[in-house]
Amino acid sequence: MLILVINSGSSSLKYQVRRMDPDSAGTAGEVPAAGIRSEVLADGSIEEIGEREVGDHGQALDAMVEQLEAGLGRVEFDAVGHRVVHGGTHFDCHQLIDDDVLRTIDELAALAPLHNPPNAEGIRAAGRKWPGLPQVAVFDTVFHRTLPEHAWRYALPAELQERHGLRRFGFHGSSFEYVTREAARLLGTPLEKFDAVIAHVGNGASATAISGGRSVDTSMGFTPLEGLVMGTRPGDLDPGLLLYLQQQGYGADRLQELLNRDSGLKGLAGSNDMRSIVKAAGEGDSRADMALAVASYRLAKYIGAYHVACGGADALVFTAGIGEHSAEFRRRTVDRLDMLGVRLDADANAAAEDPQEPCTISAAESVIPVLVVPTEEEQIIAEATAAVVTSR
Ligand code: AMP
């Protein structure tokens, strides 16, 4: 089965073509615990959508097909799998896309304004380009459907929560699912017995507590704004601060901009590129140093809390752009966990700057292993797409 995986953002479209091995598939309709074997045939991205060269997502798909055919010759996909960030209360499993599903993804744009609109654009463009080809929405929120009520409920009036579907959802689900599986495999622990804290730290960032291979708490909530300090989002804030800004004349649009694009590392250090922040901090830039301190301290607090949430972790795992590549950010975070007995091996940590495979970076005396696992959300999206299409 040949699956095209699309991750469609506002200014870029990432894609992969994967050949799935149907013989290794599990029960139809379910993503098997061990994973379906797959081979990556092509991997790339189209940047600068909305600029003169790449006007819209339709043109981005044309450019993608050109790139693909230059490398692979003519390709015929069996299905397209789309990453969709917010599935809200409507979807607790991945969906074959029809008009109703697409309409709901559009409606959920209010909760994920940076993500759902370009996700929907990618779906529409693929529908126009390949009419009749099955398309599947693979939601970031689905992996967190196992959150217990005490973790997903906000302490707001119950009636209000029901009326508006207010609850914590969590995101980065495909990444957490993949990394959980790989970390358990590396440690030789059966998935259903695996307890861990996973830190997905990229431009978007969230931490998840895993118990028995399932998500039991996660730091993003109703929207992808809650939790850790991110590239351009602040993470946790006192809601009273927003009320105060509102009284000072900040309207919803300005707050949206502030919270989604101007805060986080960018707000603190003037840049959301971890490489330049670490470099500047090393050269004595106090704002960069403070940004690193705020972000790593926040993550360390969550790791402590999630150690409780999962009943004692078997492992701490770093993934995504910063988690996989920034030894300095990992060092600053794990240094704060000394009282839990979690310690890095300085050389192993420094060596893991671009790991191609999962690796261990903890010291021999650390009470639990600390791992770096390169994430592969596309593998989960391709598996889920194959499973949904074969169970039709
Ligand atoms: P992601 O959203 O997962 O692609 O992660 C993006 C973040 O990873 C940005 O802050 C990048 O600066 C950071 N990043 C990527 N490569 C490196 C690297 N080699 N060292 C430090 N940070 C990196």
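Counting starts at 1 for both ligands and their atoms, following the listed order. Keep in mind the model is a prediction, meaning the values are calculated, not measured.
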Row check, Tyr302 ring normal vs Arg298 NZ/CZ: under 6.0 Å, within 45°: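 Negative - Arg298 is either too far from the ring of Tyr302 or too far off its axis.
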Atoms of ligand 1 close to [X] [distance to a heavy atom under 4.0 angstrom, numbered from 1]:
X: Gly202; answer: 1 (P), 2 (O), 3 (O), 5 (O)
X: Ala320; answer: 3 (O)
X: Ile322; answer: 7 (C), 8 (O), 10 (O), 13 (C)

Asn272 and ligand 1 - part of the residue with a heavy-atom distance under 4.0 Å: backbone
Which residue and atom name correspond to the protein heavy atom nearest [atom], and how close is it?
atom: atom 12 (O) of ligand 1; value: Asp273 OD1, 2.6 Å
atom: atom 21 (C) of ligand 1; value: Arg275 CG, 3.5 Å
atom: atom 22 (N) of ligand 1; value: Met274 CB, 3.6 Å
atom: atom 3 (O) of ligand 1; value: Gly321 N, 2.9 Å
atom: atom 6 (C) of ligand 1; value: Asn203 N, 3.6 Å

Test of ring centre spacing under 6.0 Å for Phe171 and His86: yes
Hey, are [Y] and [X] close enough side-chain-wise for a donor-acceptor pair under 3.5 Å?
X: Ser296; Y: Thr333; result: no
X: Thr104; Y: His90; result: no
X: Gln379; Y: Arg18; result: yes

Plane angle bin for Trp130 and Phe77 - parallel if under 30°, tilted between 30 and 60°, otherwise perpendicular: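 Ring orientation, 0 to 90° scale: perpendicular.
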Plane angle bin for His144 and Phe176 - parallel if under 30°, tilted between 30 and 60°, otherwise perpendicular: perpendicular
Heavy-atom nearest neighbour of atom 19 (N) of ligand 1 within options Glu377, Glu328, His325: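 Going through Glu377, Glu328, His325 one by one, His325 has the nearest heavy atom to atom 19 (N) of ligand 1.
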